[in-house]
Amino acid sequence: MDRTFVMVKPDGVARGLIGEMVSRFEKKGLRLVAARLEKLPEKRVMEQYREHLEKPFFPSLRHYITSGPVFLMVWEGKSAVTVVRALVGATNPAEAAPGTIRGDFALDIGRNVIHASDSPESAKREIALHFTQEDLCSYKRVDEAVLYE
Ligand code: IDP
Ligand code: MG
């Protein structure tokens, strides 16, 4: 089982899209193991997006991500990182395929409604950045016996 970190960004929260996004991951068969609504402190935004600190868009990204509460989640399941990135769609919503979250709910790269870890290594780092071991719940979905071979 893999784990991935997912975050509904402030525009997604403000537009009432948390339930829609959670529903898509639930229906796929993934298991929610942690979640929290929170306004991110600057320091954690810098750590979350550390590979983008020097990018020209970083100041606007930081402003966007701290503009309101975000909904932080950890999802678990087979190939969770890859599966969630596919459900989220391309970074630029104009290029994101219809049926993906960004393809269905966003227009602008600077307001793309959701974040998801891009690799198992990023997932591990991002989960540890936002959650403690005690935050991660251990349980089974009742349909897991038929979801997996
Ligand atoms: P990702 O979210 O699909 O992994 P990254 O390239 O890691 O995409 O960029 C992180 C976030 O930074 C994007 O989701 C988006 O919010 C923002 N971003 C990336 N590129 C641009 C840009 O060119 N202009 C404005 N914002 C950008
Ligand atoms: Mg990224």
Side-chain angles (χ1 to χ4, degrees), residues 1-137 141 147-148:
M1 286 291 163
D2 295 336
R3 280 177 181 164
T4 191
F5 171 71
V6 182
M7 174 173 85
V8 180
K9 294 179 176 178
D11 50 337
V13 174
R15 290 172 56 198
L17 294 172
I18 293 173
E20 170 72 36
M21 297 191 211
V22 167
S23 181
R24 289 182 178 216
F25 301 131
E26 283 185 321
K27 285 177 191 157
K28 183 70 173 171
L30 297 164
R31 190 198 305 150
L32 183 65
V33 297
R36 188 171 73 248
L37 186 71
E38 183 187 12
K39 195 151 184 276
L40 287 186
E42 292 276 323
K43 187 166 173 281
R44 234 179 315 134
V45 174
M46 313 281 267
E47 288 174 33
Q48 170 65 45
Y49 287 111
R50 67 180 188 187
E51 79 262 39
H52 298 308
L53 288 176
E54 306 303 322
K55 303 270 175 65
F57 62 80
F58 185 76
S60 61
L61 174 61
R62 185 175 63 185
H63 186 259
Y64 163 40
I65 296 300
T66 56
S67 66
V70 294
F71 191 63
L72 311 165
M73 296 167 277
V74 179
W75 288 91
E76 198 168 74
K78 187 174 182 181
S79 306
V81 171
T82 309
V83 163
V84 168
R85 286 287 288 195
L87 292 174
V88 162
T91 304
N92 185 348
E95 288 157 17
T100 65
I101 291 170
R102 287 166 172 169
D104 289 351
F105 298 110
L107 285 165
D108 192 337
I109 193 167
R111 294 290 182 273
N112 60 3
V113 300
I114 189 166
H115 165 87
S117 305
D118 63 6
S119 68
E121 297 70 38
S122 301
K124 200 169 173 216
R125 185 181 77 79
E126 293 170 1
I127 291 167
L129 177 62
H130 299 287
F131 293 99
T132 66
Q133 274 302 321
E134 296 77 62
D135 292 331
L136 306 174
C137 298
R141 286 176 56 138
L147 274 166
Y148 291 103

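Counting starts at 1 for both ligands and their atoms, following the listed order. The structure presented is a predicted model; accordingly, all values stated were derived computationally and were not measured.
A donor-acceptor pair is defined here as one N or O able to donate and one able to accept, closer than 3.5 Å; no such pair exists between the side chain of R36 and the backbone of F131.
A salt bridge does not link R125 to E121: none of the charged nitrogens lies less than 4.0 Å from a carboxylate oxygen.
Between Y148 and K78, the shortest heavy-atom contact is OH-N, 3.1 Å.
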Review item, side-chain donor-acceptor pairs of residues 84-92, under 3.5 Å, at least two apart:
{"unit_1": "R85", "atom_1": "NH1", "unit_2": "A116", "atom_2": "O", "d": "3.0"}
{"unit_1": "N92", "atom_1": "OD1", "unit_2": "A94", "atom_2": "N", "d": "3.0"}

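For the residue pair H115 / E126, a side-chain donor-acceptor distance below 3.5 Å is found, with atom types taken as modelled.
Within the 4.5 Å cutoff, the side chain of T4 has no heavy atoms near those of the L30 side chain.
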For ligand 1, what N or O to protein N or O distances fall under 3.5 Å?
{"unit_1": "ligand 1", "atom_1": "2 (O)", "unit_2": "R102", "atom_2": "NH2", "d": "3.1"}
{"unit_1": "ligand 1", "atom_1": "3 (O)", "unit_2": "T91", "atom_2": "OG1", "d": "2.5"}
{"unit_1": "ligand 1", "atom_1": "3 (O)", "unit_2": "R102", "atom_2": "NH1", "d": "3.0"}
{"unit_1": "ligand 1", "atom_1": "4 (O)", "unit_2": "R85", "atom_2": "NH1", "d": "2.8"}
{"unit_1": "ligand 1", "atom_1": "7 (O)", "unit_2": "H52", "atom_2": "NE2", "d": "2.9"}
{"unit_1": "ligand 1", "atom_1": "8 (O)", "unit_2": "T91", "atom_2": "OG1", "d": "3.2"}
{"unit_1": "ligand 1", "atom_1": "9 (O)", "unit_2": "H52", "atom_2": "NE2", "d": "3.3"}
{"unit_1": "ligand 1", "atom_1": "14 (O)", "unit_2": "K9", "atom_2": "NZ", "d": "2.9"}
{"unit_1": "ligand 1", "atom_1": "14 (O)", "unit_2": "N112", "atom_2": "ND2", "d": "2.8"}
{"unit_1": "ligand 1", "atom_1": "16 (O)", "unit_2": "K9", "atom_2": "NZ", "d": "3.0"}
{"unit_1": "ligand 1", "atom_1": "16 (O)", "unit_2": "N112", "atom_2": "OD1", "d": "3.4"}

